[in-house]
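One structure is given here, and the rest of the page talks about it.
Numbered from 1 within each chain, the chains take letters A, B, ... in sequence-line order.
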There are 2 protein chains.
Amino acid sequence: MPAPRNVYIAVVGVGGVGKAFISQLEALSQRLSHRRPPINISLILVSRSSQILLSESYRSLSFSTWESDLASSKQPVLPIPDLVEYLATAPEKAILVDNTSNQNVADCYPQFLRRGISIVTPNKKGFSSDFALWQDVFAAAANGSGSGGYIFHESSVGAGLPVLSTLKELVETGDEVARIEGVFSGTMSFLFNSFMPVGGGGGQFSAEVKKAKELGYTEPDPRDDLNGLDVARKLTILARLAGLEVESPTSFPVQSLIPKELESCSSGDEFLSRLPEFDGEMDKLKEEAAREGKVVRFVGSIDVAKKDVKVGLEKFDASHPIAALKGSDNIISFYTKRYGSNPLIVQGAGAGGEVTAMGVTGDLIKVLQLLH
Amino acid sequence: MPAPRNVYIAVVGVGGVGKAFISQLEALSQRLSHRRPPINISLILVSRSSQILLSESYRSLSFSTWESDLASSKQPVLPIPDLVEYLATAPEKAILVDNTSNQNVADCYPQFLRRGISIVTPNKKGFSSDFALWQDVFAAAANGSGSGGYIFHESSVGAGLPVLSTLKELVETGDEVARIEGVFSGTMSFLFNSFMPVGGGGGQFSAEVKKAKELGYTEPDPRDDLNGLDVARKLTILARLAGLEVESPTSFPVQSLIPKELESCSSGDEFLSRLPEFDGEMDKLKEEAAREGKVVRFVGSIDVAKKDVKVGLEKFDASHPIAALKGSDNIISFYTKRYGSNPLIVQGAGAGGEVTAMGVTGDLIKVLQLLH
């Protein structure tokens, strides 16, 4: 099989996901160097918001010392147009790995793609913001209608779970997707599995939020999970892949779990300290569901025929797979013409550095195969 | 994106899966003809065991009349070496779609691949027979260590469910697969979900087998399901993908549900008429499980570290996802280092013409992308 001898990789964003990705990349590059013909992976850039480490003459940075090298780097941060130029003029194919959740980087995806740079990313912003950006991205990409680089973003929904690839295959092979439903947030999953486990019990809602934050299951400010926007972005991506022209993640009903009265809190801490005032309302929901033999869960759903997308609390029978979810797992059910009344279900951890990075590495492998 | 202008497709086996595939291929070829640049799909051969319809000068057969054209065809059936030659000398890339469950065709995959012909197939035989054949296949394939055609067989396990692609991605991205467990047969799923549903009830085992046969959920001779070999073949494929050198589907413990005394029955009908004599034994199993608050299911499992593969009856808590399965659904759980105690789960219909064909069509799309 003909293969590129050299591939140049730039990693933007080196938090939990970025670090896990670089470690997976190191293992992958060792495997690829033993292939015949070998593929030589060069890590030519790593950066975080305030710092950048650029290789000299496109020689690979060190996988063992990149972290301290980056920490001590005094190189000036590269404006995005310069980054595009740097990658577009690499000796062979270059791939941008965007592990940020940055809107500015995502806004520039079409520029990268048009210059032949491929992109793999868990960043939802490029695919869940204005519909015009989505159109620009896939008008430029080789796996869209363009002739530029390839772009894959499996980890933008359900982390490493095979969610987007499965939906794409359903659509491309001509199945009719009727409905997509599921729990799309590890945080929301953990919160409601603890707040109202099947079989009774569970703590006060505000206490569960606090516990989730302490365990590292929420964003630094838990309001960023509770406002539902993270789930709305994921639903936007799925709906667009299913063929709906969703304008933005705020163009359909999204239920926020932030009480109106607490919207003006000046900090996450103030919010957390006042949240117990609203435990009564959550208890009422819980009791109401319990009377019907059901549990409450925070879900997203898409009715493709009705073009109906929504995010919020719903009640489920105790025997429903969504009710039986454990820990911070995600579950995604695809109801289609071919699968009939029993949906195709994908379930498992939908957050965490290692599994998110796995989806990114999997996408990178796809790009390497396509670039041969 | 550069793309082949013409791709030549031969479909061997036109039963339920083959027919559904050709209908999906027709829709796909229409979509691809509107691509820029267009891909022109030519269906140049369809065949069943006793009949063949070959196109003239590699012009496409008619998607609307192929069935009656095949029925009235008097063309002599092509020996496999001639079929290899016919496809290898097509004007551009050729793809063999093997929708049979034929061992002879599978034995020749390396010959097809070495001549640059790609293969997509739900046929388990090429991947679950002697380990030497597996090695030959992937030594020849471009997505193995060879330089020939590509080969994909997603539908050989779990039909259209993303099972093999998921396992491959776990392995290729460097996760450590510890254990794979699941219900891998739609027939066995239906039988045990009916024989011993969660919550009690269910019929006599022999009556459920009869009902499953009447509903078309079993092979024409139900012993071909009950002997466990179908599940053993699927486990062989998964174990090999996980890195175990399983010699054959009979090289590990496989529990047959055919009572010793009935192994010599001369027909499926005689077997079915005598099966009720053994309902007592099955009832005993059922009562034993019920006393422990469990249900009985027919499962396969692979312990990768212990190199332990087995197929047979096991007991599961009523709350276990395997116990909660519905209808004839499959469920496959991947326990890995990254996913921890909560496995990555894929669930849904694992049999049926349309969903099996979908996996084949999905593989074909992959090959078309790789052949660009």
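Among pairs with a residue in residues 360-372 of chain A, those fulfilling salt bridge (Lys or Arg N to Asp or Glu O under 4.0 Å) read A:D363-A:K366, at least two apart in sequence or across chains.
Between chain B and the residues A:K337, A:E172, A:K168, A:E169, the largest count of heavy-atom pairs under 4.5 Å involves A:E172. When A:D329, A:L28, A:V360 are compared by the number of non-hydrogen pairs under 4.5 Å with chain B, A:D329 comes out ahead. Heavy-atom pairs under 4.5 Å with chain A were tallied for B:T361, B:L25, B:V355, B:L364; the largest tally goes to B:V355.
Counting only N and O atoms by type, the side chains of A:E154 and A:S165 include a donor and acceptor under 3.5 Å apart. A donor and an acceptor atom, one from each side chain of B:R338 and B:T173, are located under 3.5 Å apart. Judged by distance alone, the side chains of A:Q369 and B:Q369 never bring a donor and an acceptor atom under 3.5 Å apart. Side-chain contact check for A:E181 and A:S301: no donor-acceptor pair (N or O, by modelled atom type) lies under 3.5 Å. Side chains of B:R35 and A:S145: a donor-acceptor N/O pair is absent below 3.5 angstrom, by distance only. In summary, the side chains of B:D98 and B:Y109 do present a donor paired with an acceptor at a separation below 3.5 Å, with no hydrogens or angles considered.
Within residues 343-352 of chain A, the residues having any heavy atom closer than 4.5 Å to a heavy atom of chain B are A:P343, A:L344, A:I345, A:V346, A:Q347, A:G348, A:A349, listed by residue number.
For B:L370, the parts lying under 4.5 angstrom from a heavy atom of chain A are both the backbone and the side chain. Using a 4.5 Å cut-off between heavy atoms, A:L161 contacts chain B through both its backbone and its side chain.
For the pair A:F152 and A:L164, the minimum side-chain heavy-atom distance is 4.5 Å or more.
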